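One structure is given here, and the rest of the page talks about it.
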Amino acid sequence: MIKQPDTRRVVKRSLVALLCTLAGSAWAQSTVLITPSVNTRMTFTDNVDTSADGKSDFLVEVSPAINVRRASGRINGNLDASLRNVLYANSDDRNSTFLALRGRGEIEAIEQLLFVDMGASVSRTNQSLFSGRSGDDPLNTSEDNEVRSFNLGPRLEFAFGNSAKGRLGYKSQWLSGGSGTVSNRRTDTFSGALQDGEAFGPLGWSASYDKVDTHYRDSDTEASRQNGRVGLSYTITPQFILRASVGRESNNYNAGRTEEGSTHGVGFDWYPTTRTSVTAFTEKRLFGRGYDVKVSHRGSRSSWRLSYVRDYTSAEELVSESLDDYYYRLIYDSLATQIPNPVQRDAAARLLLAQSGITGSGLQLGFITNAQYVSRNLRGDFTLSGVRNSLTFSVYRTERSRVAQNLIVSATDDFFNNDQIRDSGVIVSLNHKLSAFSTLTASVGRNNVQATTQDNKRTTLNLGVSRKLGPKSTGGLIYRHQKSDGSTSFTENALTATLGVRF
């Protein structure tokens with residue numbers, strides 16, 4: 001059995017390292033932005049335990065926080081960290097103080113050659129699609145739902161010949177949870193790629209290799225997969241490129257037995273305008289047919305995205321992509337024409353995200369599981385940003401099929417009794433600027449989860465108003481209604497008053 005480091009210590013050390021890395025040059029560089037703040041929240045809910053006959057309760061939260069951003073130079077990244085202190089009026093056993101953070105950083109150790117990537121995440125997110133609160137509900141404060149992740153690794157980026165370039169990287173990621181649902185584990189990822197799109201005029205070549213090894217701390221179980229490809233590309237026009245590849249992949253997901261087989265695929269890249277891109281690739285894989293299709297378009301005040309992906313997935317990939325990160329990029333792109341300055345656009349996008357009503361809408365990227373699985377994900381998103389209004393519309397359908405049955409270690413894992421889980425949903429969010437100081441937000445979300453032995457339908461409605469009280473303070477009032485039917489059924493109404501102060 002491989003000895004693992006204590007993940008709590010690793011994450012705490014990573015927070016300190018990332019904070020020092022980003023803030024250490026603040027005295028000499030004006031590109032570093034450090035924003036301390038205190039956020040307070042008072043909530044009344046008529047169903048604090050999200051049960052059929054739930055009880056009402058008041059809770060108060062006071063959270064000092066710090067935000068660090070650096071977007072240029074040889075050290076860049078971002079960090080959001082807060083110490084959440086939550087007190088319940090009638091449920092002392094629910095009182096909690098915990099760290100919530102999310103950060104990524106990059107150090108250019110040797111100019112244009114050697115980079116060091118690091119990241120850390122601590123969050124309390126419901127680990128099930130069938131019961132309890134939605135994954136993005138701010139009242140998820142139970143220690144059993146805490147998930148901690150840290151990653152660190154070097155990366156080489158280099159060029160050779162007239163137009164060839166290469167990449168060689170290694171990343172180690174530690175993942176652990178606050179309950180038995182998530183096994184403590186370390187995932188080592190080795191990756192390398194070489195390509196030259198202009199090696200023989202319009203004809204180019206590529207080669208890549210990826211190896212992912214997951215070591216489970218509480219058992220001798222290891223899950224491994226590897227994939228190697230070589231490919232050719234042909235540039236018909238600068239805007240249209242054809243691609244094809246052949247390769248070999250293997251994994252030991254079938255009860256530890258190694259399965260391997262050949263792969264082959266075709267696709268294209270199309271860039272009809274500087275604001276529009278279409279990329280598509282389909283490939284014969286061990287699990288069947290794989291797909292990677294992405295369409296994006298950026299208008300003068302809008303951003304569109306459509307994607308369809310079928311591939312192997314695990315909790316490590318899910319933790320690396322948060323709901324806030326996803327919608328931040330969508331809103332940021334939609335503001336490109338209105339706000340060309342990237343620093344000002346970043347601030348505007350984060351403000352719109354905070355006011356959007358997406359948090360608590362019931363929408364989530366997935367759930368944490370010990371299983372390795374194949375995910376088939378279809379998703380469409382649209383954001384329109386105007387002078388007084390910002391509209392976001394999202395629709396998705398995801399199908400997850402378990403491929404590693406011997407990795408299930410907890411009866412609370414959604415894959416314990418289900419081989420396949422289907423999840424579909426839609427959310428509409430509107431942000432309306434009432435005045436120079438006040439903003440109205442409204443959102444409605446609906447999702448449906450189905451599996452062999454469980455099902456759940458959830459509807460969520462949010463309505464809120466926020467007002468700028470001073471140069472650095474903001475207050476708000478939010479009403480949320482959610483109804484869940486299926487394996488667990490409940491209805492909740494919650495009213496929250498917020499006050500935030502930046503320093």
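Only a predicted model underlies this, so the values are computations on that prediction, with no experimental measurement involved.
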- [ ] Please check if any side-chain donor atom of S484 sits under 3.5 Å from a side-chain acceptor atom of N456, or the reverse.
- [x] yes
Task: Interatomic spacing from CH2 in W174 to CZ in F150 - rounded to 0.5 Å - done: 5.5 Å
Open item on the list: Between the side chains of E399 and R310, is the shortest nitrogen-to-carboxylate-oxygen separation below 4.0 Å, so that they form an ion pair?
Closed with: no
Task: Nearest-0.5 Å distance that lies between atom CZ in R84 and atom CG in N39 - done: 10.0 Å
Open item on the list: We want to know whether D423 and T398 form a side-chain donor-acceptor pair, criterion being a heavy-atom distance below 3.5 angstrom.
Closed with: no
Task: R502 and S37: CA distance, side-chain angles, deciding distance, side chain to side chain donor-acceptor pair (under 3.5 Å) verdict - done: CA-CA 4 Å; R502 295 178 291 111; S37 62; over 6 Å; no
- [ ] Would you please test S375 and N377 for side chain to side chain donor-acceptor pair (under 3.5 Å) and show each step?
- [x] CA-CA 6 Å; S375 174; N377 186 23; 5.6 Å; no
TODO: Flag yes if more than 12 heavy atoms outside F437 fall under 6.0 Å of its CZ atom; otherwise flag no.
DONE: no
Open item on the list: We want to know whether N418 and Q454 form a side-chain donor-acceptor pair, criterion being a heavy-atom distance below 3.5 angstrom.
Closed with: yes
Open item on the list: If you apply the rule side chain to side chain donor-acceptor pair (under 3.5 Å), what do you find for Q173 with T189, and how did you get there?
Closed with: CA-CA 8 Å; Q173 181 173 359; T189 302; over 6 Å; no
Task: Polar side chain donor-acceptor pair, S277 to S296, under 3.5 angstrom - done: yes
TODO: Decide yes or no for V212 and T187: does some side-chain heavy atom of the first lie under 4.5 Å from some side-chain heavy atom of the second?
DONE: yes
Task: Between R41 and T498, a side-chain donor and acceptor under 3.5 Å - done: no
Open item on the list: Whether the D57 and S91 side chains hold a donor-acceptor pair (N or O, under 3.5 Å, no angle test) is what I'd like checked.
Closed with: yes
Task: Parallel, tilted or perpendicular: rings of F268 and F240 (30°, 60°) - done: parallel
Task: Residue that, paired with L139, satisfies side chain to side chain contact (heavy atoms under 4.5 Å, CB included) out of V48, T50, L59 - done: L59
- [ ] Using a strict cut-off of less than 4.0 Å between a Lys/Arg side-chain nitrogen and an Asp/Glu carboxylate oxygen, indicate whether D80 and R69 qualify as a salt bridge.
- [x] yes
Task: By salt bridge (charged side-chain N to carboxylate O under 4.0 Å, His left out) - contacts of K433 (at least two apart) - done: none
Task: Any donor-acceptor N or O pair under 3.5 Å, side chains S394, R379 - done: no
Open item on the list: With rounding to the nearest 0.5 angstrom, report the OG1 to CZ distance, T369 to R400.
Closed with: 10.0 Å
- [ ] For the residue pair D414 and S128, confirm or rule out a side-chain donor-acceptor distance under 3.5 Å.
- [x] yes
TODO: Might you work through the side chain to side chain donor-acceptor pair (under 3.5 Å) test for R148 and S176, ending with a clear yes or no?
DONE: CA-CA 5 Å; R148 302 172 291 273; S176 65; 3.2 Å; yes
TODO: Classify the side-chain pair T279/D292 by whether it contains a donor and acceptor separated by less than 3.5 Å.
DONE: no
- [ ] Return yes if a side-chain donor-acceptor contact under 3.5 Å exists between S96 and R124, otherwise no.
- [x] yes
Task: Passing option when F490 is tested against R133, Q482, K483 for side chain to side chain contact (heavy atoms under 4.5 Å, CB included) - done: Q482
TODO: Sort and list the pairs that fulfil ring-ring contact (aromatic ring centres under 6.0 Å, His included) and have at least one residue in residues 48-105, not counting sequence neighbours.
DONE: F44-F58
Open item on the list: Could you tell me if N85 and T97 have a donor-acceptor pair between their side chains, going purely by distance under 3.5 Å?
Closed with: yes
TODO: Mind checking salt bridge (charged side-chain N to carboxylate O under 4.0 Å, His left out) for R155 and listing every partner two or more places apart, or none if nothing turns up?
DONE: E106, D117, E157
Task: Pairwise distance CG(N493) to CG(D46) - rounded to 0.5 angstrom - done: 4.5 Å
Task: Test log, rule side-chain contact (heavy atoms from CB on, under 4.5 Å), inputs S302 and W304 - done: CA-CA 7 Å; S302 63; W304 302 72; 3.5 Å; yes
